Amino acid sequence: MHDMDINDARTFIAIAEAGSISRAARELHLTQPAVTRRLQRFEHAVGASLVDRRSRPFTLTDFGQAALERCRRLVTTRDELRALAQAGSLPTRECRLGVAHALTELALTEPVDELRGSYPAVVLRLYTGWSRDLCERVRSGELDAAVVLLPQSDSPPPGTQGAKLADEELLVIGPKRGRSGAISVEEAAETGWILNPEGCAARAWLQKSLARAGLPLRVAVETYNYELQMSLVARARGLGLVPRRLRERSGVRAELATLKVRGLQFPMNTWLVTATPAPALQEPLHALAASLSAKLTAGARPAGARASPRGGSVEHRPRAARARAPARPRGRRRAVV
């Protein structure tokens, strides 16, 4: 294997992203023969073909597919090192962070403020979505990390790594002036539900739980907004399924009753999921995980509950349940919220 030229690696990335050598040549402001020579030189350096020259349309070889993300990381790390040497300080780094819908309300404000204060060179780009989709975007490299909800028995999917931040309890709620205490699953099924739209796995889990009892899920209202869901529940428009920490903070909490539905339980965990974050993001993401863990653990306690003297802690959950940093653990693919 011969020495690699970083510009040849950049050229290979441009070819892969452009989908052809001719388009890459235009984007790089080079002649097509010059781009071809760079590609050939890079293939010679790594010792394998990167482009399938027999394929029409253009495709990468299996090795080329595997090499592409590594080349991107190589170029990014080289650029960061150059910026560090030239500026004498940490370079600005963008962090693309996905957040599950259920965690956007109040949970991130203080941790984000703390991250910006401690790491001013990190620019956060926040994206919301369902946990299943966010995990896939982390796995594909579209996001650097995501804060998601998983059922208590599950772990982050293959190709990602995770740090468990806190327990998350989902509550079945009804109007205080209506039924309270324990009700049967049959009673719950008789009433319409006020839930997140389809795509939310908590809703799918509820539907499957009812289906196992031979009962349908009757949806009265669909909305992403948990405060609106709780306001409608307080007005006796249906039952709701909401995180305990949001119920405790709700402006209508005094008008809500928590219902124990026999046979229905929804224990969840909050995770910070990553793929292989750039070196410049590993420490900021670890700090974000610790801050989120403390925030979520405090927010999940029922009103009047005493805080642990040590506060929230981050539990890392790889395949083997050993404590490790967020950049390391791996898990199996499961259903997510």
Side-chain angles (χ1 to χ4, degrees), residues 1-83 93-98 125 127 129-146 155-162 199 273-282 318-319 327-336:
M1 182 177 290
H2 299 267
D3 290 341
M4 288 184 289
D5 187 318
I6 195 71
N7 289 322
D8 294 344
R10 289 185 192 276
T11 301
F12 166 59
I13 294 169
I15 292 169
E17 292 178 347
S20 77
I21 290 176
S22 59
R23 282 197 292 270
R26 287 195 296 271
E27 292 177 8
L28 294 171
H29 305 290
L30 295 171
T31 65
Q32 187 169 331
V35 170
T36 300
R37 284 195 298 273
R38 285 190 176 189
L39 174 62
Q40 292 171 339
R41 189 166 59 210
F42 191 53
E43 289 178 320
H44 188 58
V46 299
S49 296
L50 299 166
V51 174
D52 186 348
R53 291 166 173 80
R54 300 167 300 175
S55 175
R56 296 291 184 274
F58 170 92
T59 60
L60 299 178
T61 63
D62 290 342
F63 178 78
Q65 292 282 3
L68 179 58
E69 186 56 36
R70 290 167 174 81
C71 286
R72 286 175 175 146
R73 292 201 298 268
L74 173 68
V75 169
T76 297
T77 301
R78 187 261 193 182
D79 289 346
E80 288 176 350
L81 287 171
R82 287 195 66 180
R93 174 70 189 184
E94 180 180 272
C95 178
R96 302 159 299 170
L97 180 67
R125 308 285 184 215
Y127 304 84
W130 299 123
S131 292
R132 183 188 300 278
D133 297 333
L134 294 175
C135 284
E136 177 58 27
R137 292 173 72 183
V138 170
R139 189 199 62 77
S140 68
E142 188 177 346
L143 295 176
D144 296 299
S155 302
T160 66
Q161 306 149 7
V273 177
T274 65
T276 305
L281 291 182
Q282 290 182 3
R319 284 177 182 154
R328 294 295 179 193
R330 302 196 176 208
R332 298 167 295 174
R333 181 176 294 278
R334 297 287 184 179
V336 297

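Predicted, not measured: the structure shown is a model, and the values here were computed from it.
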### Task
Give the minimum heavy-atom separation between Leu281 and Cys95, together with the two atoms involved.
CD2-CB, 3.8 Å
### Message
On a heavy-atom basis, which atom in Cys71 and which in Phe12 lie closest, and how many Å separate them?
### Response
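Here Cys71 and Phe12 meet closest at SG-CD2, 3.8 Å.
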Under 3.5 Å, is there a donor-acceptor pair between the side chain of [X] and the main chain of [Y]?
| X | Y | value |
| --- | --- | --- |
| Gln161 | Ala275 | yes |
| Arg96 | Gly141 | yes |
| Arg23 | Ala18 | yes |

I want to check something: taking the side chain as every heavy atom from C-beta on, are [X] and [Y] in contact at a cut-off of under 4.5 Å?
| X | Y | answer |
| --- | --- | --- |
| Ile6 | Val75 | yes |
| Arg132 | Glu136 | no |
| Leu60 | Val51 | yes |
| Phe63 | Leu50 | yes |
| Tyr127 | Glu142 | no |
| Val273 | Leu134 | no |

### Message
Exactly one of Asp5, Asn7, Asp8, Thr11 should register a side chain to side chain donor-acceptor pair (under 3.5 Å) with Arg41. Which one does?
### Response
Asp8
[atom1] of [X] to [atom2] of [Y]: how many Å apart, nearest 0.5 Å?
| X | Y | atom1 | atom2 | answer |
| --- | --- | --- | --- | --- |
| Asp144 | Glu94 | CG | CD | 7.5 Å |
| Ile15 | Arg10 | CD1 | CZ | 14.0 Å |
| Ile13 | Leu68 | CD1 | CG | 6.5 Å |
| Asp133 | Leu143 | CG | CG | 10.5 Å |
| Asp62 | Ser49 | CG | OG | 11.5 Å |
| Arg54 | Thr61 | CZ | OG1 | 10.0 Å |

